[in-house]
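Report on one structure; see the data block that follows.
Just so you know, ligand 1 is whichever comes first in the structure, and atom 1 is the first atom listed for that ligand.
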Amino acid sequence: MKLSCTGCGRTYPARIILYRCPECDALLELIHPEKTFTRKHAWKGTGVWRYAPFLPTKPLVTLGEGNTGLHLCENLGIPPVHVKNEGENPTGSFKDRGMTVGIAWAKKLGATTVACASTGNTAASLAAYAARARMRAIVLIPSGNVAMGKIAQALVHGAKVIQVDGNFDDAMRLVQQTDAYLLNSINPFRLEGQKTLAFEVCEALGRAPDTLVLPMGNAGNISAIWKGFKEWKAAGLISKLPKMIGVQAAGANPIVRTFRGGKKSCRVSRPETVATAIRIGAPINWTKAIAAIRESGGDAVTVTDREILSAQKLLAEKEGLFVEPASAAPIAHLRKKKRRGLVVCVATGHGLKDPEVILRGKPKFVTIRADLKSLQRVL
Ligand SMILES: *Cc1c(COP(=O)(O)O)cnc(C)c1O
Ligand SMILES: [Zn+2]
């Protein structure tokens with residue numbers, strides 16, 4: 001097992017703590033010895049750790065992550081689509097897939113303090129897994145625009161929650177200057193856990209989908225899932241790879257701009273969107289994400305906040321799936337653009353994370369006197 005530079009190709013031992021290539025500053029990814037990719041390996045348990053032969057460590061810290069539902073949705077007014085509901089994870093987002101592996105690796109390294117910058121869900125997940133692993137957790141969140149449920153989770157698990165007077169990108173810059181073991185998606189071990197979503201989708205469908213649609217913030221997830229599909233194919237378990245479609249909010253669309261404009265950098269200065277999980281101006285994993293989109297023949301697209309909120313409501317009312325705004329972005333995209341074949345959308349996080357977005361504005365329910373006549377009147 002080695003860390004390999006996605007820029008210059010140099011390799012480094014996996015046990016050195018590195019987040020970027022010391023030579024060229026590019027991102028790193030984990031390379032496994034080829035022989036681990038076989039179906040003959042005994043898979044124990046369900047969820048993320050079912051795929052232990054594809055992962056860098058044994059399950060040292062787990063809360064039962066992965067094994068989320070793949071729900072066929074036929075009532076959205078678009079061709080049938082499968083929704084992979086990552087809100088079914090222990091802390092309510094896909095971040096748990098990465099965190100169970102990232103924390104296990106931290107434990108192996110002997111780390112006692114772990115840290116992240118977060119728009120909320122990484123903080124919630126890190127706090128829960130650090131508690132389980134008896135480690136100290138430090139989370140930096142941007143001031144304002146973090147969903148209440150996520151802050152409550154980080155606090156209840158006993159993390160040190162620090163609000164930074166700035167946006168996510170400021171918090172990210174700061175946390176990288178601490179000595180703590182970092183568990184942002186810059187950490188290649190975390191991405192190893194997140195790639196298991198691809199394995200579950202392929203096993204459930206008996207093949208890879210034609211298209212996978214997901215929201216992009218720091219773009220670790222699209223990079224991880226693409227790596228997963230490629231490894232599953234290399235193991236001979238699927239024959240074709242899906243197109244990867246990354247969706248961003250119109251007000252926070254650096255990857256779309258760079259993808260379309262062929263630019264050498266990736267940044268917007270004042271990211272703004274109701275989908276706080278993807279309110280990111282300088283995505284850490286943009287080079288990996290653009291490579292995944294290019295290699296797969298996919299696309300990077302935007303949707304507006306209005307389209308996001310409308311898709312969120314539709315998914316809840318027509319399919320019984322309550323997802324947070326960022327997670328509705330793929331459905332918002334599919335309502336604008338038809339995609340042929342077998343389509344899977346990744347619903348990245350649970351709607352209860354951010355109840356305020358639903359309850360905002362004037363009350364949407366009636367109050368009556370406690371008698372039958374009053375009830376009948378409103379029915
Ligand atoms: C973290 C997160 C995203 C963005 O994932 P990236 O890997 O940063 O692209 C999208 N939706 C939700 C709910 C998230 O928590
Ligand atoms: Zn390099």
Side-chain angles (χ1 to χ4, degrees), residues 3-12 18-29 68 84-89 91-99 116-126 141 146-147 149-150 153-154 168-169 172 183-187 190-191 193-195 197 213-227 244 246-249 252-256 266 271 273-290 292-293 300 308 312 322-330 345-354 357:
L3 288 169
S4 166
C5 174
T6 58
C8 69
R10 282 186 180 82
T11 61
Y12 303 95
L18 276 183
Y19 308 108
R20 287 183 181 278
C21 175
E23 291 296 324
C24 77
D25 207 40
L27 299 167
L28 302 168
E29 68 176 359
T68 56
K84 182 70 170 161
N85 190 23
E86 291 291 284
E88 295 171 31
N89 277 297
T91 77
S93 84
F94 74 82
K95 301 296 196 301
D96 296 341
R97 289 182 187 273
M99 210 53 78
C116 69
S118 175
T119 60
N121 280 332
T122 301
S125 186
L126 178 84
I141 56 172
V146 175
K150 303 176 187 181
Q153 286 179 288
F168 170 84
D169 305 306
M172 187 63 214
L183 280 166
N184 276 97
S185 58
I186 196 171
N187 184 316
R190 219 191 86 185
L191 298 189
Q194 288 174 213
K195 76 186 178 187
L197 184 144
V213 193
L214 79 167
M216 292 189 295
N218 270 303
N221 211 27
I222 191 169
S223 316
I225 294 171
W226 178 238
K227 186 171 189 278
M244 304 293 286
V247 188
Q248 293 198 297
N253 65 347
I255 297 176
V256 175
C266 190
T273 169
V274 67
T276 52
I278 53 172
R279 188 168 167 268
I280 286 163
I284 296 281
N285 291 292
W286 70 274
T287 50
K288 284 185 181 177
I290 287 181
I293 294 167
I308 286 173
Q312 181 192 33
F322 182 23
V323 306
E324 67 167 278
S327 311
C345 285
V346 183
T348 44
H350 202 289
L352 283 174
K353 295 272 192 179
D354 191 359
V357 83

Legend entry - Check: Arg279 and Phe168 side chains under 4.5 Å, non-hydrogen atoms: no
Side-chain donor-acceptor distances from residues 118-126 under 3.5 Å, at least two apart:
unit_1: Ser118; atom_1: OG; unit_2: Gly120; atom_2: N; d: 2.7
unit_1: Ser118; atom_1: OG; unit_2: Thr122; atom_2: N; d: 3.3
unit_1: Ser118; atom_1: OG; unit_2: Ala123; atom_2: N; d: 3.0
unit_1: Asn121; atom_1: OD1; unit_2: Lys353; atom_2: NZ; d: 2.8
unit_1: Asn121; atom_1: ND2; unit_2: Glu324; atom_2: OE2; d: 2.8
unit_1: Ser125; atom_1: OG; unit_2: Asp96; atom_2: OD1; d: 2.6

Legend entry - Ser327 and Thr348 side chains, donor-acceptor separation under 3.5 Å: yes
Legend entry - side-chain hydrogen bond (donor to acceptor under 3.5 Å, both in side chains) involving Asn285 - partner list, sequence neighbours excluded: Ser185
Legend entry - Residue shell around ligand 1, heavy atom under 4.0 angstrom: Phe94, Lys95, Asn121, Pro215, Met216, Gly217, Asn218, Ala219, Gly220, Asn221, Ala277, Ile278, Glu324, Ala326, Ser327, Thr348, Gly349
Legend entry - Partner residues of Glu29 under the side-chain hydrogen bond (donor to acceptor under 3.5 Å, both in side chains) criterion, sequence neighbours left out: none
Legend entry - Minimum-distance pair of heavy atoms, taken over all atoms of Val323 and Ala328: CG2-N, 3.9 Å
Legend entry - Metal site angle (apex the Zn ion (ligand 2)), SG from Cys8 and SG from Cys5, 10 degrees: 110°
